[in-house]
Asks: 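Next up is a structure, given as structure tokens.
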Protein chains: 2
Amino acid sequence: MEIADTPGVIVTVDTVLLTLCDGTLHVALLKREHAPFEGVLALPGGYVHVAEDASTWDAAARVLRDKAGIESPYLEQLATFSGAGRDPRGWSVSVAYCALVPQMLLRGGHGGVKLLPVEGLPVLPFDHKSIVAAAVARVRAKSQYSSLPVYLCGDSFTLPQLQAVYEAVLGEPINKVSFRRKIEQLGMLEAIDGAQEQGRANRPAQLYRLRKEFNRRLSLLDRALNARD
Amino acid sequence: MEIADTPGVIVTVDTVLLTLCDGTLHVALLKREHAPFEGVLALPGGYVHVAEDASTWDAAARVLRDKAGIESPYLEQLATFSGAGRDPRGWSVSVAYCALVPQMLLRGGHGGVKLLPVEGLPVLPFDHKSIVAAAVARVRAKSQYSSLPVYLCGDSFTLPQLQAVYEAVLGEPINKVSFRRKIEQLGMLEAIDGAQEQGRANRPAQLYRLRKEFNRRLSLLDRALNARD
DNA sequence: GCAATAGTGTCTGTAAGACAGTATAGT
DNA sequence: ACTATACTGTCTTACAGACACTATTGC
């Protein structure tokens with residue numbers, strides 16, 4: 001029997017929780033409670049707990065739940081950051097995860113969560129700035145061909161609202177007709193019968209929701225990677 | 001000061017080395033030299049060596065060099081596989097990397113390397129079958145919009161050869177004119193002056209090579225993720 | 001009726017695929 | 001000259017963006 005662990009390697013998870021505030025992408029940061037960098041704003045993260053976590057995905061979900069008070073409907077593995085220099089405690093491996101949540105869902109979260117725009121972040125400890133940059137790049141890339149931004153909306157939304165979300169993520173205006181054609185052909189939305197946005201002095205917009213069979217589809221794919229087999 | 005490692009977690013790297021044989025993707029496997037699964041074919045992998053490896057990328061490169069005798073020009077992080085159940089030794093984290101090499105480069109490798117078609121693999125230990133599947137899916141996806149398959153060719157190649165490689169990876173024929181237009185607009189190849197394929201009873205094809213500025217571009221991007229900051 | 005935004009029909013330009021033609025080697 | 005494959009010019013078709021038009025609410 002060989003050694004049952006890898007001495008000298010720190011194994012952690014970090015989560016990049018993104019949401020839309022005022023039309024721009026923001027990332028959730030927390031003040032660190034322990035050394036190193038105690039009191040400094042950083043990504044929510046923590047050690048993998050061998051006894052509790054069935055995988056690093058579960059560890060990331062636990063970190064978000066316990067430290068930020070959030071159950072993210074979307075949680076995808078981003079990449080793994082590693083090396084001798086990234087953590088002053090020693091050689092470390094951090095499996096980074098990316099979460100997308102509607103801003104409303106953050107209302108119920110813990111009070112200590114700070115939201116900062118992803119552009120123009122202050123200096124962050126470890127290599128957290130690189131991790132955020134990788135998450136934003138991934139989300140922008142996926143938004144060009146997938147339904148990923150729907151996770152930034154609530155349960156129901158109008159097409160103009162969804163288009164505004166896409167435009168905020170991608171940082172450029174989208175042609176209305178093309179957008180609606182694209183959404184149509186992706187086929188992952190369904191109109192909610194008789195439900196329309198009310199209360200404004202114009203034609204009301206149809207409300208839509210994600211079809212059940214597409215719900216959490218992307219995160220399920222990621223889960224399969226972490227399953228036993 | 002906290003603990004300097006994460007007890008009970010095994011930290012390894014696994015490499016999926018892909019190449020083209022007889023027009024289909026093959027993966028390199030090695031007989032395991034130690035328990036568990038001693039003597040069984042598996043992906044080349046090993047523990048992270050804190051003293052030698054500056055990152056998991058370096059660990060993967062070292063594993064390929066030492067165990068398979070190959071310096072891969074392309075080595076990209078794929079995903080991280082983790083959990084209590086995937087390794088009988090205990091809770092483990094494996095950072096998986098994907099390498100692409102031209103078949104010629106494998107001639108110089110160690111003798112123990114077995115190449116098997118990625119379709120119809122036998123049962124593999126750990127979750128190596130999932131890892132291979134993820135690598136193949138990633139390579140196919142990236143091949144649709146990038147120059148990734150050039151790493152499966154040698155230093156110089158003709159456009160018809162490159163097209164055959166794309167078709168083998170994607171598993172479907174490509175329109176010749178569209179392919180040449182696409183390659184042209186990607187602009188990462190340059191004709192080698194006066195060099196043409198010889199020796200066949202037809203018009204000789206122009207030889208091309210990857211432009212220097214595009215060399216290892218994708219793997220450099222991945223390296224940046226693993227750098228100190 | 002008017003303002004404002006939702007949603008749709010249609011035109012146009014760009015890019016992908018099909019096809020056929022020309023080019024150049026060996027035999 | 002003939003064959004085989006490399007390469008290229010051009011036609012057609014599909015799709016993305018632009019624009020204009022209709023639809024429906026509150027005031």
Asks: Starting from P on C/dA16, measure out to OH on B/Tyr145 and report it in whole angstrom.
Replies: 17 Å
Asks: Given 3.5 Å as the limit, does a donor-acceptor pair link the side chain of A/Arg140 with the main chain of A/Val169, or not?
Replies: yes
Asks: Between A/Glu190 and A/Tyr208 (side chain of the first, backbone of the second, donor and acceptor by atom type, cut-off under 3.5 Å), is there such a pair?
Replies: no
Asks: Please determine whether side chain to side chain contact (heavy atoms under 4.5 Å, CB included) holds for the pair A/Tyr74 and A/Leu148, giving the CA-CA distance in whole Å, both sets of side-chain angles, and the decisive distance to 0.1 Å.
Replies: CA-CA 9 Å; A/Tyr74 179 81; A/Leu148 214 172; 4.0 Å; yes
Asks: Of all of residues 162-169 of chain A, which get a heavy atom below 4.0 angstrom from DNA chain D, listed by number?
Replies: none
Asks: Please list each protein N or O that sits under 3.5 Å from an N or O in nucleotides 25-27 of chain D, with the distance.
Replies:
unit_1 : atom_1 : unit_2   : atom_2 : d
D/dT25 : O2     : A/Ala201 : O      : 3.3
D/dT25 : O2     : A/Asn202 : N      : 3.0

Asks: Please check if any side-chain donor atom of B/Thr56 sits under 3.5 Å from a side-chain acceptor atom of B/Tyr97, or the reverse.
Replies: yes
Asks: In plain terms, say whether A/Arg209 and A/Asp155 are close enough for a salt bridge, that is, a side-chain N and a carboxylate O under 4.0 Å apart.
Replies: no
Asks: By a strict heavy-atom criterion of less than 4.0 Å, which residues belonging to residues 173-188 of chain A are in contact with DNA chain C?
Replies: A/Lys176, A/Val177, A/Arg180
Asks: Quick one: ring-ring contact (aromatic ring centres under 6.0 Å, His included) pairs with a partner in residues 161-200 of chain A, sequence neighbours left out?
Replies: A/Tyr166-A/Phe179
Asks: Is a side-chain donor-acceptor pair under 3.5 Å present for B/Glu197 with B/Gln206?
Replies: no
Asks: Report the residues that fulfil side-chain contact (heavy atoms from CB on, under 4.5 Å) with A/Ala164, sequence neighbours left out, ordered by chain and then residue number.
Replies: none
Asks: Taking B/Thr19 for its side chain and B/Val101 for its backbone only, find out whether a donor-acceptor pair lies under 3.5 Å.
Replies: yes
Asks: Quick one: list whatever passes side-chain contact (heavy atoms from CB on, under 4.5 Å) with A/Lys176, sequence neighbours left out.
Replies: A/Gln163, A/Arg180
Asks: Pick base, sugar-phosphate or nothing for B/Gln206, based on heavy-atom distances below 4.0 Å to the nucleic acid.
Replies: sugar-phosphate
